[in-house]
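Computed over heavy atoms, backbone and side chain alike; hydrogens, waters and symmetry mates excluded. Please read all numbers here as calculations on a predicted model, not as lab measurements. Residue numbers run from 1 in the order of the sequence given.
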Amino acid sequence: MRYKKTSLRLFSIINCYILMMMLWQGKAIAQSKPTGGKDIVSKIEQYQARLPSEKLHLVLDKPNYFAGDTLWFKVYLVNASNRQPSLISNKVYVELINDSSRVTHRLLIPVVNGLGEGDFKLPANGLRDGGYTLRAYTNWMQNFGEEQFFHKRFYIGDDSKNNWLISEQHSVKTTPGGKEVTLAVQLNDTKNSPVMYTDVQLLLVNGNKTVFKKAFTTSDQGTFKTSWALPANADTRNLKLVLQNSTDKKTRQSFPFYPGGETQNIDVQFMPEGGNLIAGLLNKIAFKAIGEDGLGINVSGVIVDSKNREVGGFQSAHNGIGNFRMVPLANEVYRAQVKYAGNIKTIALPQVNAKGIGFRIDNISKADTINIYISATADIAAQNKTYSLVSQAKDTIYFGTAFNLNKGYYNVSLPKSKFVTGIVNFTVFDDAGTPLNERKVFIDRHDRLAITPVTHKLTYQPKDSVAIAVTVLNPDGSPARNSVFTAAVTDDAQVKTSAYGNNILSSMLLASELKGNIEEPGWYFAGNNAETTPALDDLLLTQGWTGFNWDNLAHTIKEPRFLPETGNMLSGSLYGMFKKPIDKAKVTLLLSNKETLMVMDTVSGKNGRFVFDNIPYLDSVIYTVKVNNKKGSTFGGEVVVDEIKQSSKMPLYTNPLMPWFVNTDNTLLKYYENNTANKQASEKIALGDVKGTLLGEVKVNAKRTTTLKDANGDDIDFYDALIDEKQLIKAGRQNLYDYLLANQKGFKVVSGYRGNPNSNFLMNGNPVIWFIIDGINVARFYTITDVPNNHFNFLKSYLTGMLAADVKQMVVYHSYSWVFKDVLAYLVIQTRGGNGPATSSPSGIYVYRPETAYKARQFYKPRYTVNNTYDNQVNRTTIHWEPSLITDENGKATLSFYTADKPSTYTVNLEGTDMLGHFGVQTLKLKVDNKPVN
């Protein structure tokens, strides 16, 4: 990647406990701290000691889901330096986010010894199908930005809305009139039968504009064919196809459409090794080509100079990534002629620097050695300056030395045995401590855990008992005692798994430290052969670190904004007038829920800080913090509690996922059919056939009840909006005015409503005329005046003076007014204290309802007996989920479960850690056959 001072954050490392980690590893190279680099290393040490980092991985039971499924997950949280269980955090926040960047589900998962578990019960109705992302982070990780979080993107299908299975094929060709697309479509119903003789409409939509529309009647095979000229100005990255029934517009499905071929406008980036292209030196240049769907596309081409003479060539090796070498000339301009799908695209290479330092690392030629080559142009070599070379991994510095370039070069070889497995960053600094070149390499010590699963049968029958003996060995062959693994068993007939998807190995060692999407990250760890090793090196040359910003070292290290969570605690600050901290004040904490009331006291310290530690865990707890004077009475002052805030909105994905119903293969079709059967059969499971905890059915009624009264004192039966306690708790200290405008659909402020020049509150187009707070209409306190906006400001003062945390429930309803001859809306508020319109957030008191730690449900295991015919067939997509499989002193564990009642093939996925910094992944296939066992 080209080096720029303004983008240094793309390089290097974050945070570490340096000396402690070196002693723990027992492998650190003695550091030589040169004059120029001395301050840099010292500042890195200070920064890392203050801000150690974490790594987080979630194991899921399967790669895709349907509405009504349960999404099971296991949490692994480790320190980044040694990959042992994190000592920084004991809580992880897990969110399910749709492609509109809205959080649909959120859980707080307690973590013990780096481990936690949970699940999301996806609603069977009302869940919009589309792309979703599972995002997880600790409060501490928010100090380092979104890039440090765990992300897993997948598609959730809503089978209740999908009536067609769509198969499409298309081609693109160049004609005198432009690019022409030919498209063939086949429609099947959900039983995989052709949708015959049906009138349908096809629309091609570019952004929000329809650029092609045509009606068709499907054949007896459910097919139709068409072609159209692609508009010259079409954004081929933002096209979608829409199919709808001409007579039943509810049957309507849309999906992304990437024409590809000759129409495709690919993105290719060229990144010189070390950051810059230096004249007269041998340069290695990596490149990455991405198609319009965001995935890598294989390319080839030639490099030409300003006179169009070929000076070299290139060919991508894996997923559009590759490299080539060249010695550029000063004052020359080079271009790459990139060939793909019959097209040629010309792209300028980075500018050639007439002078500078070249930086090359050979991490491939020798299995046990890293060879580093640093060279300089003649004018740089003649300056007789001292430089520094520092190597570091996440939270650990391994090597530091001073060197000069008087000879025009400096070469050094380092044994790989001095590093741990993972990404290591090498940086060259000048004598002023400015980073000049950087390079990332992957060190592979081949120290993965060896997992050997052995079944006690070759073939199993339906409803058969399965026992798998699992043996886990350390890299040296000794038993991996007390290792923790997660096992997921899925039905291949219903769940399509990826052999090279992200797993705990690729996540902890690779994806957590690279920028951007990595296609098939598991592929790089599938084998250490001549193909994967250079491909991994190219990946590191093109997708840099997302961690340390060197500019941070130029400033005084401040206290982190987000605090670690090492226990159940509550902290905050007290302030008096003019934001002056209040110290030596008595602070009382009241903890209450439906069953418990507890009181704790402490005294504020320097800067007004107070801490309540070792608070007992209570479900649905409300914390009330009060500041007391010497007589025990509450006195004025501002109480600020360190609330854990939800992370900022996740950036939108630019490439939508392809829906499950498009080009559906037999696996996903089977998944769909059995998912529907699952919903019907699960109601027939007998309690005697279940081992463990059978979760009761949860019914969601369309009509919600409330005990709030309207303006006449009658019960409110019909309303436009109901905002419940759960939603208000999430809003926390936000005032009602900001909350309603930001979150309540249909609620807004307008001016000039029906000719009235004053501002008005509207709800679904109806003016909100009064607020009713705890049964009291604020109208009794209003005085009519001629002051502009007087009524609006009067109502607004109530909304801005009340916090969401002080309110239990809100309802907006409308009613026809015979006095005003209009439909008017009313806002009805029920406060926690019941104090009516006088409610406000009093000084000296802070009410806080924290998130409740989630207690994971137990995955049920059907238990079959000899006499139990179990006629009610249940099609389980996830056959078994074992979040914590722990090995004994001999490194052994047993995984046991029952097969389902149909022949199939199962995939058993095992991944976990020895809790000492090593990881392992293994898969196993099981065959379930109807043939009797001999």
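- Although no hydrogens or angles enter the test, the distance criterion places no donor-acceptor pair under 3.5 Å between the side chain of Ser759 and the main chain of Phe792.
- Using a distance-only test at 3.5 Å, with no hydrogens or angles considered, a donor-acceptor pair links the side chain of Asn735 to the main chain of Asp738.
- Atom-to-atom distance recorded for Leu241:CG and Tyr258:OH is 11.5 Å, nearest 0.5 angstrom.
- With hydrogens and angles disregarded, a donor-acceptor distance shorter than 3.5 Å links the side chain of Asn568 to the backbone of Ile615.
- Considering CG of Asp61 and OG1 of Thr70, their distance stands at 8.5 Å, rounded to 0.5 Å.
- Listed for the Asn238 side chain is no donor-acceptor partner under 3.5 Å among the backbone atoms of Asn206.
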Can you check side-chain contact (heavy atoms from CB on, under 4.5 Å) on Leu230 and Leu204, steps first, answer last? CA-CA 10 Å; Leu230 196 66; Leu204 176 67; 4.2 Å; yes
Apply the test side-chain hydrogen bond (donor to acceptor under 3.5 Å, both in side chains) to residues Lys91 and Thr138: give CA-CA distance (whole Å), side-chain angles for both, the deciding distance (0.1 Å), then the verdict. CA-CA 6 Å; Lys91 296 176 184 177; Thr138 66; over 6 Å; no
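- More than 12 heavy atoms of other residues, nucleotides or ligands lie within 6.0 Å of NZ in Lys121, so this atom counts as buried by the packing criterion.
- Without hydrogens or angle criteria, Asn64 side chain to Tyr155 main chain gives a donor-acceptor distance under 3.5 Å.
- Salt-bridge formation is not detected for the pair Asp293/Arg237: no Lys NZ or Arg NE/NH1/NH2 atom is positioned less than 4.0 Å from an Asp or Glu carboxylate oxygen.
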Would you check, one step at a time, whether the test side-chain contact (heavy atoms from CB on, under 4.5 Å) holds for Tyr623 with Leu590? CA-CA 6 Å; Tyr623 293 161; Leu590 288 82; over 6 Å; no
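- A donor-acceptor contact shorter than 3.5 Å is absent between the side chain of Asn139 and the backbone of Ile644.
- With a 6.0 Å cutoff to the six-membered ring centre and a 45° limit on the axis angle, Arg857 counts as a cation-pi contact of Trp72.
- When only modelled atom types and interatomic distance are considered, Glu565 and Ser89 share no side-chain donor-acceptor pair under 3.5 Å.
- Residues Ser100 and Arg128 have side chains that bring a donor and an acceptor to within less than 3.5 angstrom of each other.
- Thr831 and Lys808 share no side-chain donor-acceptor pair at under 3.5 Å.
- Not a single donor-acceptor pair under 3.5 Å links the side chain of Asp248 to the backbone N or O of Asn245.
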Go through it in stages, so that I can follow the logic: the residues are Phe761 and Val749, the test is side-chain contact (heavy atoms from CB on, under 4.5 Å), and I'd like the CA-CA distance, side-chain angles, deciding distance and then a yes or no. CA-CA 5 Å; Phe761 290 107; Val749 174; 3.7 Å; yes
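- For Phe120 and Phe73, the distance between ring centers is under 6.0 angstrom.
- Qualifying salt bridge (charged side-chain N to carboxylate O under 4.0 Å, His left out) partners for Glu95, counting only residues two or more places apart in sequence or in other chains: Arg106, Arg135.
- A cation-pi arrangement is found for Lys796 relative to Tyr737, the charged atom lying closer than 6.0 Å to the ring centre and inside a 45° cone about the ring normal.
- Residue pairs meeting the salt bridge (charged side-chain N to carboxylate O under 4.0 Å, His left out) criterion with at least one member in residues 205-214: none, sequence neighbours excluded.
- For the side-chain hydrogen bond (donor to acceptor under 3.5 Å, both in side chains) test, no residue two or more places apart in sequence or in another chain qualifies with Asn143.
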What do the steps show when you test Val768 against Leu762 for side-chain contact (heavy atoms from CB on, under 4.5 Å), and what is the final call? CA-CA 5 Å; Val768 182; Leu762 292 187; 5.8 Å; no
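- A donor-acceptor distance shorter than 3.5 angstrom exists from the side chain of Thr218 to the backbone of Thr198, with no hydrogens or angles considered.
- In summary, of the residues considered (Leu736, Leu799, Asn777, Val828), a side chain to side chain contact (heavy atoms under 4.5 Å, CB included) with Phe771 occurs for Leu799 alone.
- Ring geometry for Phe149 versus His151: interplanar angle under 30°, hence parallel rather than tilted (30 to 60°).
- Here the side chain of Asp69 pairs no donor or acceptor atom with the backbone of Tyr65 at under 3.5 angstrom.
- Distance CG/Leu827 to CG/Leu740: 6.5 Å, rounded to 0.5 Å.
- For the pair Trp770/Leu795, a side-chain contact is recorded, criterion being any heavy-atom separation below 4.5 Å from C-beta on.
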